[in-house]
Amino acid sequence: MKTFYITTPIYYANSLPHLGHLYTTLVADAIVRHKRQRGFDTFFLTGTDEHGINIQRAAETNNRTPKEQVDYISGELKRMFHDFRLDTENGGYDIFMRTTAPFHYEGVTNLWREICKNKTPKGNSTIYKGFYEGWFCAPCAAFKLEDEYKIIEGSDIPLCLIHERPLDKVSEESYFFRLSDYDETLLKIIEENPNKIRPEARKNEVVSFIKQGLQDLSISREKKSVSWGIPVPDDPNHVMYVWLDALSNYITAIGYGNSEKTGFDKYWQNVTHLVGKDILRFHTIYWWSFLLAAGLEVPETVYAHGMWLDAEGRKMGKTLGNVIEIDVLQAHFQTDAIRYFVLREMVFGQDGKFGYENLIERANADLASGLGNLSSRTLTMITKYRDSAIPGGKISEPNYLNAKRHGINADEQELVSVLAHARDEFIRRFDNFEFSHALETLWNVIKRIDTMISDAKPWVLAKDEENAQILNAVLYRSAETLRWLSVLLYPVMPEASAQIYAQLGLSDDISKINPENLTYGELRAGTKIGASVAVFPRIDKNKVMSEIQQGQPMDNTLSPVGEDKKSSEKTAANNEQPAANEENFITIDDFLKVELRVGEIKIAERIPKADKLLRFEIDLGEEKPRQILAGLAEYYEPETLIGRKVVVVANLKPRMMRGLESQGMICAASLEDGTGENPALATFIENVDIGARLK
RNA sequence: GCCCUUGUAGCUCAACGGUAGAGCGCGCGGCUCAUAAUCGCUCGGUUACAGGUUCGAAUCCUGUCGAGGGCACCA
């Protein structure tokens with residue numbers, strides 16, 4: 001039996017679930033369901049990467065232990081996957097991998113030992129001890145990466161973003177992986193197997209990266225600087241660092257180096273790694289080299305997909321406030337509509353645009369008006385004209401001419417070949433990760449059947465008993481097409497397809513029907529159809545959009561201070577629509593809904609790795625100071641703000657940013673179009689009491 | 001700075017050396033089985049700009065302008 005193993009990246013457990021996590025897992029889910037239908041023996045992995053300095057830091061920030069932190073995040077991810085029916089219970093992933101699992105420790109330890117035993121392609125030792133040099137911040141007790149320090153002009157010594165003090169150049173003992181010996185081997189593999197890295201443009205980037213020359217890779221840290229990790233075998237003063245630990249999950253999960261899990265021999269030889277384009281290099285150059293060093297095969301396919309941008313094509317970001325919120329999707333849209341949208345809208349491998357409005361338009365046009373309506377009109381006619389039983393589809397010779405007069409080809413071969421061709425094309429495209437095109441071919445079929453119905457006019461045929469056979473044929477062809485579509489679309493829309501299938505009166509488990517074996521005519525005449533219910537209810541765009549906007553005022557009405565120019569423009573433009581026929585005024589009641597209060601900044605500090613956000617604790621005269629995040633880091637030094645009295649929007653719905661809850665917003669002045677001076681915090685000339693309300 | 005991709009209808013994209021097309025939106029007409037659905041027709045493009053190669057260029061080449069991406073230890 002052919003096997004198929006697919007993985008998503010294991011998501012780093014320092015931030016809450018977002019669209020990126022959902023998207024990749026959802027695509028993998030669709031692919032694996034398709035392969036299962038086709039009879040492949042499949043395995044589907046997703047999970048969390050739970051070690052490293054960033055987890056330690058996230059844990060500290062949230063007053064948790066690292067273990068509590070990763071339990072929390074992986075729990076949230078699992079909850080999201082469950083909500084979107086991507087978990088095992090709902091026929092989704094086979095394993096939710098966690099790098100803190102004991103079997104993973106065992107597996108990685110054995111992988112390390114195995115790598116050590118071998119030589120590189122150039123005959124050198126694979127792992128050696130050396131010194132890792134980096135910029136170290138003593139108060140943080142940590143090495144700083146490029147985005148965690150800044151270099152002031154005229155100085156060579158970078159400053160820590162948190163402590164604003166110069167970093168020390170420190171070297172630390174570290175194990176190194178001799179990546180530099182693998183360049184030729186990697187290039188050879190890629191050249192001989194050009195489809196292993198896709199899409200092609202990304203493959204070329206990897207190739208040119210390798211050709212620049214590879215440096216050896218530090219694969220451990222001293223325990224005193226990074227404690228949260230897997231110990232290096234036989235050297236307890238070191239823990240393994242990020243990539244070796246994380247990447248190897250793909251094999252430990254199927255039993256490499258441990259006896260708890262099984263399936264390595266079966267599954268590893270045909271694995272597809274789905275990754276975001278931002279981590280492609282690690283999944284090719286690093287990962288393949290580790291595998292080669294351990295004497296293992298490199299993956300069959302590594303596919304780098306694009307990123308979701310907002311409706312205007314800008315990157316999504318917390319500070320921009322243009323993020324697609326998972327709970328909004330969950331609250332307002334059918335899971336199947338979301339699945340369809342992401343697979344149809346993004347040409348896989350390129351970036352795609354995601355806006356709630358686009359989602360609604362797609363769902364209404366393609367699902368409600370397209371597939372849903374075809375299903376509805378077909379089933380209704382069968383109920384009405386044929387007493388809810390599927391009629392026979394054959395047209396006998398005496399009726400040939402009559403059929404032709406009604407625009408119907410008596411020979412069903414034409415439709416048979418249309419369906420077969422669409423099916424083949426769909427499968428081919430799907431296998432080739434061209435989901436958008438795959439779906440398009442099926443929608444051409446829908447269009448064709450809609451046209452057939454309009455041409456034949458069943459409501460006219462029904463009036464004359466002489467046309468009974470022609471009417472039967474029209475209804476049968478439409479119903480049979482729906483059966484095919486249900487089977488083909490199952491991986492994309494598991495629930496809706498099953499519903500349509502059931503409404504046709506069929507009771508098989510659609511997830512087990514191989515679309516390759518679909519045969520025209522297998523829908524049996526006489527089958528009693530089930531109750532017809534709208535599978536894709538039409539979405540009231542104005543209503544849903546206004547609900548979404550009300551639900552998250554911060555995202556759509558108030559732009560956080562100090563933001564991107566275009567963002568303010570677009571935000572303003574969007575808001576004109578709902579209020580288009582109103583005067584551009586609000587009432588005093590509207591204004592009083594906004595609770596503006598005076599607060600004193602008690603704590604102001606930078607957030608690691610966030611270049612725009614500052615974290616504040618602000619006293620509003622309440623029991624405890626509030627934690628508020630604001631995008632001011634580019635304009636103010638946090639220390640200078642402590643003690644300052646500012647205007648705070650006190651009743652803004654709290655929201656998570658960078659894993660921290662922001663319980664309000666600080667008011668600052670800036671031009672709508674973002675030109676001019678930096679944003680200025682609103683303050684008072686006279687002395688004011690903390691907690692006083694502005695009105 | 002170096003390298004790569006890209007610029008086609010209002011929007012999203014297809015045509016990859018041979019008459020520029022599709023979907024959505026807009027406008028008109030038809031139909032009533034259907035979720036204001038569906039069917040037909042119309043409107044709509046100096047293919048960013050300027051040169052060049054060619055019998056013929058959206059397509060190949062050069063340049064200009066615009067957009068996006070890659071250039072290592074962060075998932």
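Naming convention: chains lettered A, B, ... in sequence-line order (proteins, then strands); numbering from 1 in each chain.
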When the distance from [atom1] of [X] to [atom2] of [N] is rounded to whole Å, what number comes out?
| X | N | atom1 | atom2 | value |
| --- | --- | --- | --- | --- |
| A/Leu217 | B/rA72 | CG | P | 13 Å |
| A/Tyr132 | B/rC73 | OH | P | 7 Å |
| A/Leu16 | B/rA75 | CG | P | 18 Å |
| A/Asp351 | B/rU12 | CG | P | 14 Å |
| A/Asn364 | B/rC24 | CG | P | 13 Å |
| A/His437 | B/rU12 | NE2 | P | 16 Å |
| A/His305 | B/rG69 | NE2 | P | 15 Å |
| A/Glu361 | B/rC11 | CD | P | 14 Å |

For [X], report the nucleic acid contact type (base, sugar-phosphate, nothing); a contact means any heavy atom under 4.0 Å.
| X | result |
| --- | --- |
| A/Phe282 | base |
| A/Ser369 | sugar-phosphate |
| A/Gln212 | sugar-phosphate |
| A/Val535 | base |
| A/Lys457 | nothing |
| A/Trp443 | nothing |
| A/Lys203 | nothing |
| A/Arg362 | nothing |
| A/Gly213 | base |
| A/Leu374 | nothing |

Distance between the [atom1] atoms of [N] and [M], in whole angstroms?
| N | M | atom1 | value |
| --- | --- | --- | --- |
| B/rA15 | B/rA58 | P | 16 Å |
| B/rA72 | B/rG63 | P | 27 Å |
| B/rC49 | B/rG30 | P | 41 Å |
| B/rU59 | B/rG51 | P | 14 Å |
| B/rG56 | B/rC71 | P | 44 Å |
| B/rG10 | B/rU6 | P | 23 Å |
| B/rU19 | B/rG45 | C1' | 15 Å |
| B/rC28 | B/rU42 | P | 16 Å |

- [ ] For the pair A/Phe177 and A/Phe290, name the ring-plane relationship: parallel under 30°, tilted 30 to 60°, perpendicular over 60°.
- [x] perpendicular
Taking pairing as Watson-Crick or G-U wobble with both contacts under 3.5 Å, can you name the mate of [N], or confirm there isn't one?
| N | result |
| --- | --- |
| B/rG27 | B/rC41 |
| B/rC2 | B/rG70 |
| B/rC65 | B/rG7 |

Open item on the list: Within this structure, what is the NE2-OG1 distance for the pair A/His421 and A/Thr441, rounded to the nearest 0.5 Å?
Closed with: 9.0 Å
Task: Nearest-0.5 Å distance that lies between atom CG in A/Leu379 and atom CZ in A/Arg377 - done: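 Rounded to the nearest 0.5 Å, the CG-CZ separation comes to 12.0 Å.
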Of the listed nucleotides [options], the one nearest the side chain of [X]:
| X | options | result |
| --- | --- | --- |
| A/Thr380 | B/rG69, B/rC33, B/rA72 | B/rC33 |
| A/Arg377 | B/rU38, B/rA75, B/rA72 | B/rU38 |
| A/Lys315 | B/rU35, B/rC74, B/rG69 | B/rG69 |

Open item on the list: If you assign each of A/Trp243 and A/Gln215 to its closest nucleotide in RNA chain B, which residue comes earlier from the 5' end?
Closed with: A/Gln215
Open item on the list: With nearest nucleotide decided by heavy atoms, which residue, A/Met381 or A/Ile446, maps closer to the 5′ end of RNA chain B?
Closed with: A/Met381
Task: Within 6.0 angstrom of A/Arg448 CZ, more than 12 heavy atoms from elsewhere - done: no
Task: Salt bridge flag under 4.0 Å for residues A/Arg428 and A/Glu425 - done: yes
Task: Exercise: do A/Asp216 and A/Tyr128 side chains pair donor with acceptor under 3.5 Å - done: yes
For [N], take OP1 and OP2 only and decide whether either is under 4.0 Å from a side-chain N or O of [X].
| X | N | value |
| --- | --- | --- |
| A/Lys353 | B/rU12 | yes |
| A/Trp459 | B/rC31 | no |
| A/Lys447 | B/rA22 | no |

Listed pairs, N/O of protein and of nucleotides 2-9 of chain B, under 3.5 Å:
none

Open item on the list: Tell me which one of A/Arg429, A/Arg344, A/Arg198 satisfies salt bridge (Lys or Arg N to Asp or Glu O under 4.0 Å) with A/Glu434.
Closed with: A/Arg429
- [ ] Check ring pair (Phe, Tyr, Trp, His ring centres under 6.0 Å) between A/His238 and all other residues, then give those that pass, not counting sequence neighbours.
- [x] A/Tyr175
Task: Sole candidate of A/Trp308, A/Tyr23, A/Phe333 that passes ring pair (Phe, Tyr, Trp, His ring centres under 6.0 Å) when paired with A/Phe354 - done: A/Trp308
Open item on the list: Test: salt bridge (Lys or Arg N to Asp or Glu O under 4.0 Å). Region: residues 274-290 of chain A. Which pairs qualify, not counting sequence neighbours?
Closed with: A/Lys277-A/Asp351
